[in-house]
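Here the structure comes first, spelled out in structure tokens, and everything after it is commentary.
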Amino acid sequence: TAGKVYLFGGWDGKNDLSDFWEYSSPTNTWQCISADTEINSGPCRRSCHKMVLDSKHKLIYILGRYLDLRARVNMELKSDFYCYDIQCDQWNLISSDTGSEAVPT
């Protein structure tokens, strides 16, 4: 993970995104890890989420998301919590709704 930066999702001006990228500062190159993480049991498209890297254990954690009111009409907003294992290239759902568990959202 030294010299690496990871980016997940975001907003393109019209839609939330679920792409996942790795940037290598030593080589100044980008690599798309996944164009759609939901296909690989990872988080669905989102923006305004929280993301942190545990460089010692090579894990990335992603918490929550934002949905504007129009998107919430037919969808209950839950603050899910995912972990990505960099070495295994695998997503794990830790919690489907941290808000119902009285923990951070």
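Residues: numbered from 1 along the sequence shown. Bear in mind that the values here come from a model prediction, so they are computed numbers and not experimental data.
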Task: Same apolar cluster: M51 and F81, side chain cutoff 4.5 Å - done: no
Task: Reported OG-to-CH2 distance for the pair S47 and W11, which is rounded to 0.5 angstrom - done: 6.5 Å
Task: SG on C88 to CG on L59, rounded to 0.5 Å - done: 9.0 Å
Open item on the list: Once rounded to the nearest 0.5 Å, what's the spacing between atom CD1 of I94 and atom CG of L63?
Closed with: 9.5 Å
Task: Pairing residues for T27 by the side-chain contact (heavy atoms from CB on, under 4.5 Å) criterion, not counting sequence neighbours - done: S24, T29
Task: All ring pair (Phe, Tyr, Trp, His ring centres under 6.0 Å) counterparts of F8, not counting sequence neighbours - done: H49
Open item on the list: Is it the case that the side chain of R45 and the backbone of N15 share a donor-acceptor pair, with hydrogens and angles ignored and the cut-off at 3.5 Å?
Closed with: no
Open item on the list: Test of understanding: with ring pair (Phe, Tyr, Trp, His ring centres under 6.0 Å), list the residues that count as partners of W21, not counting sequence neighbours.
Closed with: none
- [ ] For residues G3 and P26, report the shortest heavy-atom separation together with the two atoms involved.
- [x] O-CD, 3.4 Å
Task: Euclidean distance, T37 OG1 relative to I62 CD1, rounded to 0.5 Å - done: 7.0 Å
- [ ] Specify whether W91 and Y84 have parallel, tilted or perpendicular ring planes, treating 30° as the upper limit for parallel and 60° as the lower limit for perpendicular.
- [x] tilted
Task: Pair I60-V52, side chain to side chain contact (heavy atoms under 4.5 Å, CB included): steps then yes or no - done: CA-CA 6 Å; I60 295 172; V52 65; over 6 Å; no
Task: Intermediate values then yes/no, side chain to side chain donor-acceptor pair (under 3.5 Å), S79 and T98 - done: CA-CA 6 Å; S79 185; T98 60; 3.3 Å; yes
TODO: Under the side chain to side chain donor-acceptor pair (under 3.5 Å) rule, collect the residues that match up with Y23, sequence neighbours excluded.
DONE: N28
TODO: With sequence neighbours excluded, tell me which residues meet side-chain contact (heavy atoms from CB on, under 4.5 Å) with E38.
DONE: D36, C44
Open item on the list: Please enumerate all residues that pass side chain to side chain donor-acceptor pair (under 3.5 Å) together with D85, with sequence neighbours excluded.
Closed with: none
Task: Sequence-distant partners of E22, side chain to side chain donor-acceptor pair (under 3.5 Å), two or more places apart - done: K4, Y6
Open item on the list: Within this structure, what is the CG-OG distance for the pair L93 and S95, rounded to the nearest 0.5 Å?
Closed with: 6.5 Å
Task: Under the ring pair (Phe, Tyr, Trp, His ring centres under 6.0 Å) test, residues paired with Y82 that sit two or more places apart - done: none
Task: salt bridge (charged side-chain N to carboxylate O under 4.0 Å, His left out) against K58, all qualifying residues, sequence neighbours excluded - done: none
Task: Value rounded to 0.5 Å, distance of OG in S34 from CG in D19 - done: 8.0 Å
Open item on the list: Test of understanding: with side chain to side chain donor-acceptor pair (under 3.5 Å), list the residues that count as partners of D12, not counting sequence neighbours.
Closed with: none
